[in-house]
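Comments concern the structure below.
By convention in this document, chain letters (A, B, ...) are assigned in the order of the sequence lines, proteins followed by strands, and residues within each chain are numbered from 1.
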Protein chains: 2
Amino acid sequence: MDSKYISIYHEILAKIEDGEIAAGSKLPSETEMIGEYGASRDTVRKALHLLEQNGYIQRIQGKGSFALDINKLSFPVSGLTSFKELAQKMTEKCRTLVKELEKIPADEFIREQLKLPEQAEVWKAVRVRQIGGKKIILDKDFLDARYVPKLTQAICEDSIYEHLETKLGLKIGFAQKEVTVQQATQEDRKYLDFENYNMIVVVKNYTYLEDMTLFQYTESRHRPDKFKFVGFARRN
Amino acid sequence: MDSKYISIYHEILAKIEDGEIAAGSKLPSETEMIGEYGASRDTVRKALHLLEQNGYIQRIQGKGSFALDINKLSFPVSGLTSFKELAQKMTEKCRTLVKELEKIPADEFIREQLKLPEQAEVWKAVRVRQIGGKKIILDKDFLDARYVPKLTQAICEDSIYEHLETKLGLKIGFAQKEVTVQQATQEDRKYLDFENYNMIVVVKNYTYLEDMTLFQYTESRHRPDKFKFVGFARRN
DNA sequence: GAGTGGTCTAGACCACGCC
DNA sequence: GCGTGGTCTAGACCACTCG
């Protein structure tokens with residue numbers, strides 16, 4: 001039940017991804033699309049604007065809209081994508097190993113991250129992501145138990161996000177992320193195939209609901225040689 | 001000579017940054033803003049939509065628009081900001097040291113990065129960014145000489161971007177970025193205050209003009225302990 | 001039911017690129 | 001001059017929240 005401009009967005013995006021509209025080639029003009037999709041100019045423009053924001057097309061006044069080279073995917077810190085959604089696009093085999101899963105009283109560090117009062121409870125999940133047979137990423141999740149009353153091993157092996165959105169009906173709004181490089185800990189070495197590296201890439205993630213409630217803190221710890229972030233940016 | 005909705009965007013943004021609209025508090029409704037700014041609803045909505053995209057406000061259907069906590073700045077890989085613009089917002093003292101500056105024939109690596117033909121020429125600039133007295137970042141810039149005929153030491157010490165935009169009238173459209181962690185090289189150790197780290201954070205940047213011409217490749221090499229990237233992401 | 005944001009439409013005029 | 005995208009307007013209806 002997408003809105004009209006979202007449908008048009010997906011239709012055009014599919015044509016770009018399938019190569020029906022080649023990279024660098026010109027898209028139909030707005031006037032043509034009005035007829036093609038039976039929509040008003042504003043509706044067509046909303047779809048095109050979305051494509052531009054997401055780095056799929058470039059619009060040039062007086063000339064037209066042109067398809068850009070699609071970003072070959074990597075780890076998109078820029079977006080808000082779950083590991084499961086990512087894994088589905090990857091060719092290599094991925095597995096998720098649940099190492100810890102329990103509901104615990106939030107310690108001081110977690111209370112600070114999630115801005116929780118004393119005696120608040122959180123679900124803690126520690127998971128190892130295995131890619132191509134190697135244990136590469138250590139995910140530590142902390143979820144406010146007021147919003148997520150129950151987690152199971154099966155949910156953690158599949159996708160926490162999917163469970164939150166489809167089963168619990170939570171609406172995820174946005175996330176703040178922070179990437180740093182730190183000294184690896186004993187825990188990193190214990191859970192990951194770490195080889196001889198002494199540093200680790202830490203992606204901290206604060207997830208908010210649509211109503212601006214902070215409900216999840218995640219630390220995603222990546223082996224440095226396997227970390228790669230690809231982004232797209234527009235001027236101003 | 002900004003458009004109306006950009007002006008409204010800046011006006012509201014200023015109120016949020018000044019704290020006139022506190023984090024978490026409600027903004028005036030669209031209907032009120034129509035009167036306040038003397039604009040149509042659509043124009044007001046364009047401004048609000050921009051604020052939402054950039055992580056300054058959250059809009060909730062049926063309730064209103066609310067100011068978010070402003071991201072304390074760090075190194076924004078997500079945006080397209082020059083070091084000079086960044087430095088102006090920082091409290092610590094910054095300096096730029098130009099180590100190399102010359103027009104050279106592009107070698108194979110650079111030709112591949114910038115998709116240049118043989119015998120093409122590029123301007124190469126190697127700069128060290130000093131923050132709080134320490135040499136932290138090594139910037140290696142390569143610019144297509146067809147678009148940038150002349151670079152001087154003074155320009156490199158100030159801001160290459162500013163020169164391109166104001167003096168040469170080049171219109172920067174977008175950039176593709178890639179962040180990885182690699183083994184540090186001899187060059188890194190030579191130019192930076194590297195202490196005992198053996199890895200370095202590499203931010204590769206491909207800058208395109210508005211007409212989709214790729215004209216600049218930059219490698220920004222950061223000491224791992226000083227690297228920090230902060231991002232904002234919306235679901236879908 | 002009143003107030004809010006979300007979608008869609010139709011029409012006008014402007015700025016830019018190109019021949 | 002024509003076709004393109006960029007801005008602005010006015011009005012309609014829908015979906016959601018809250019009292």
Side-chain angles (χ1 to χ4, degrees), chain A residues 1-12 21 24-53 56-68 169-174 209-213 234-236, chain B residues 1-12 21 24-53 56-68 169-174 209-213 234-236:
Chain A
M1 219 44 255
D2 276 342
S3 51
K4 203 164 181 177
Y5 78 95
I6 298 286
S7 307
I8 298 175
Y9 167 81
H10 285 303
E11 274 192 58
I12 300 173
I21 300 176
S25 67
K26 188 173 166 302
L27 275 67
S29 73
E30 293 179 354
T31 330
E32 290 174 284
M33 289 189 181
I34 290 173
E36 188 172 342
Y37 297 105
S40 72
R41 181 160 173 232
D42 222 51
T43 303
V44 168
R45 281 176 62 77
K46 265 195 246 183
L48 292 172
H49 188 246
L50 246 191
L51 289 162
E52 181 174 40
Q53 284 309 106
Y56 294 112
I57 66 171
Q58 174 77 357
R59 317 195 66 202
I60 306 177
Q61 188 169 130
K63 291 174 88 170
S65 302
F66 301 83
L68 293 178
L170 293 179
K171 287 180 190 168
I172 292 164
F174 58 93
L209 299 175
E210 262 189 356
D211 67 357
M212 300 187 292
T213 315
R234 289 199 173 274
R235 183 66 167 158
N236 286 343
Chain B
M1 221 42 252
D2 276 344
S3 51
K4 202 164 181 175
Y5 79 93
I6 297 284
S7 308
I8 298 175
Y9 167 81
H10 286 304
E11 275 192 56
I12 299 173
I21 300 175
S25 67
K26 188 174 166 303
L27 274 68
S29 72
E30 294 179 354
T31 330
E32 290 174 282
M33 289 190 181
I34 290 172
E36 187 171 342
Y37 298 105
S40 72
R41 182 163 173 230
D42 223 52
T43 303
V44 168
R45 282 175 61 77
K46 265 195 243 181
L48 292 171
H49 188 245
L50 245 191
L51 288 162
E52 182 174 39
Q53 285 308 108
Y56 295 112
I57 67 171
Q58 175 76 357
R59 317 194 67 200
I60 306 177
Q61 188 169 136
K63 292 174 91 170
S65 302
F66 301 84
L68 293 178
L170 293 179
K171 287 181 189 167
I172 293 164
F174 58 92
L209 298 176
E210 261 188 355
D211 67 357
M212 301 188 293
T213 315
R234 289 199 171 273
R235 184 67 169 155
N236 287 343

For the CD atom of B:E36 and the CD1 atom of B:I8, what is their distance to the nearest 0.5 Å?
9.5 Å
Please test A:L209 against A:K171 for side chain to side chain contact (heavy atoms under 4.5 Å, CB included), starting from the C-alpha separation and ending with a verdict.
CA-CA 6 Å; A:L209 299 175; A:K171 287 180 190 168; 5.9 Å; no
Provide, to the nearest angstrom, the distance between the CZ atom belonging to B:F66 and the P atom belonging to D:dC16.
17 Å
To the nearest 0.5 Å, what is the distance between CZ (A:F174) and CE (A:M212)?
7.0 Å
Which of the following nucleotides, D:dT7, D:dG5, C:dG5, is nearest to the side chain of B:S65?
C:dG5
Of the nucleotides D:dG5, D:dT4, C:dT7, which one has an atom closest to the side chain of B:R45?
C:dT7
Please confirm whether the backbone N or O of B:M33 pairs with a side-chain atom of B:R41, one donor and one acceptor, at under 3.5 Å?
no
Below 4.0 angstrom from OP1 or OP2 of D:dG6, is there any side-chain N or O of B:K4?
no
Protein-nucleic acid N or O pairs under 3.5 Å, nucleotides 17-19 of chain C:
residue, atom, partner, partner atom, Å
C:dC18, OP1, A:K63, NZ, 3.4

To the nearest Å, give me how far apart CG (B:L50) and C1' (D:dC8) are.
16 Å
Tell me yes or no: between the side chains of A:D211 and A:T213, is some donor less than 3.5 Å from an acceptor?
yes
Of the candidate nucleotides D:dT9, D:dT4, C:dG5, which contains the atom at the shortest distance from the side chain of B:E30?
C:dG5
What is the separation between atom CG on A:L48 and atom C1' on D:dT4, rounded to the nearest whole Å?
12 Å
Closest listed nucleotide, where the reference is the side chain of B:K46 and the choices are D:dT4, D:dT7, D:dT9:
D:dT7
Which of B:R59, B:E30, B:K26 passes side chain to side chain contact (heavy atoms under 4.5 Å, CB included) with B:S65? Answer is B:R59
For a quick test of reading the model: is some side-chain N or O of B:Y5 closer than 4.0 Å to OP1 or OP2 of D:dT7?
yes
For DNA chain D, which residues of residues 37-44 of chain A approach it to below 4.0 angstrom with any heavy atom?
A:R41
Would you call the rings of A:Y56 and A:Y9 parallel, tilted or perpendicular, taking 30° and 60° as the class edges?
perpendicular
Could you check which of C:dC8, D:dG5, D:dT7 has an atom nearest any side-chain atom of A:S3?
C:dC8
A:L68 versus A:I57: any side-chain heavy-atom pair under 4.5 Å?
no
Side chain to side chain contact (heavy atoms under 4.5 Å, CB included) evaluation trace for B:R234 with B:Q53:
CA-CA 8 Å; B:R234 289 199 171 273; B:Q53 285 308 108; 4.3 Å; yes
